[in-house]
Amino acid sequence: MNRKNLPLLMMLIAGAIMCIISYVQNYTILAKLVSLFVVLLVFYLLGGVLVWTLNYFDRQNEERLKEEGEVIEKEGESTEEENQSEGERGEKE
């Protein structure tokens with residue numbers, strides 16, 4: 001999943017909502033600009049943290065699946081060896 005643009009999307013949506021709210025509340029131009037800057041900065045940082053967290057969980061899941069795949073392969077190899085040893089016993093008898 002492409003998460004590269006998630007912080008930007010969050011920031012722009014929050015900025016649009018802030019613009020509407022500040023317009024309805026009749027803020028001064030300076031108050032609108034300061035509040036918009038703070039909202040954009042905060043939501044960009046929150047989006048970055050969210051992307052980092054999701055990527056971290058994906059890496060953990062990939063490692064777990066990789067380890068499970070190795071365990072399954074090792075179990076498959078041991079059963080093959082057991083089958084071969086049983087076949088050799090059957091030939092000897």
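Predicted, not measured: the structure shown is a model, and the values here were computed from it.
- The shortest distance between side-chain heavy atoms of N26 and K32 does not fall below 4.5 Å.
- Hydrophobic clustering (ILVMFWY, side-chain heavy atoms < 4.5 Å, transitive): L54 and F43 are in one cluster.
- Taken from OH in Y27 to CG in L33, the straight-line distance is 13.0 Å, to the nearest 0.5 Å.
- Two residues are said to be in side-chain contact when any heavy atoms from C-beta on lie closer than 4.5 Å; S22 and M18 meet this criterion.
- G15 and V39 make their closest contact through N-CG1, 4.3 Å (heavy atoms, listed as atom of the first residue, atom of the second, distance).
- Put simply, CD on E62 and CG on N55 are 9.5 Å apart, with the number rounded to the nearest 0.5 Å.
- Residues L45 and I13 are members of separate hydrophobic clusters, defined by side-chain heavy-atom contacts under 4.5 angstrom among Ile, Leu, Val, Met, Phe, Trp and Tyr.
- Side-chain contact between T53 and V49 is present, with at least one heavy-atom pair separated by less than 4.5 Å.
- If you chain together hydrophobic residues whose side chains sit under 4.5 Å apart, L9 and I17 fall into the same group.
- L41 is not listed as a side-chain neighbour of M11, based on a closest heavy-atom distance of 4.5 Å or more.
- To the nearest 0.5 Å, the span separating CG on L8 from CG on L40 amounts to 11.0 Å.
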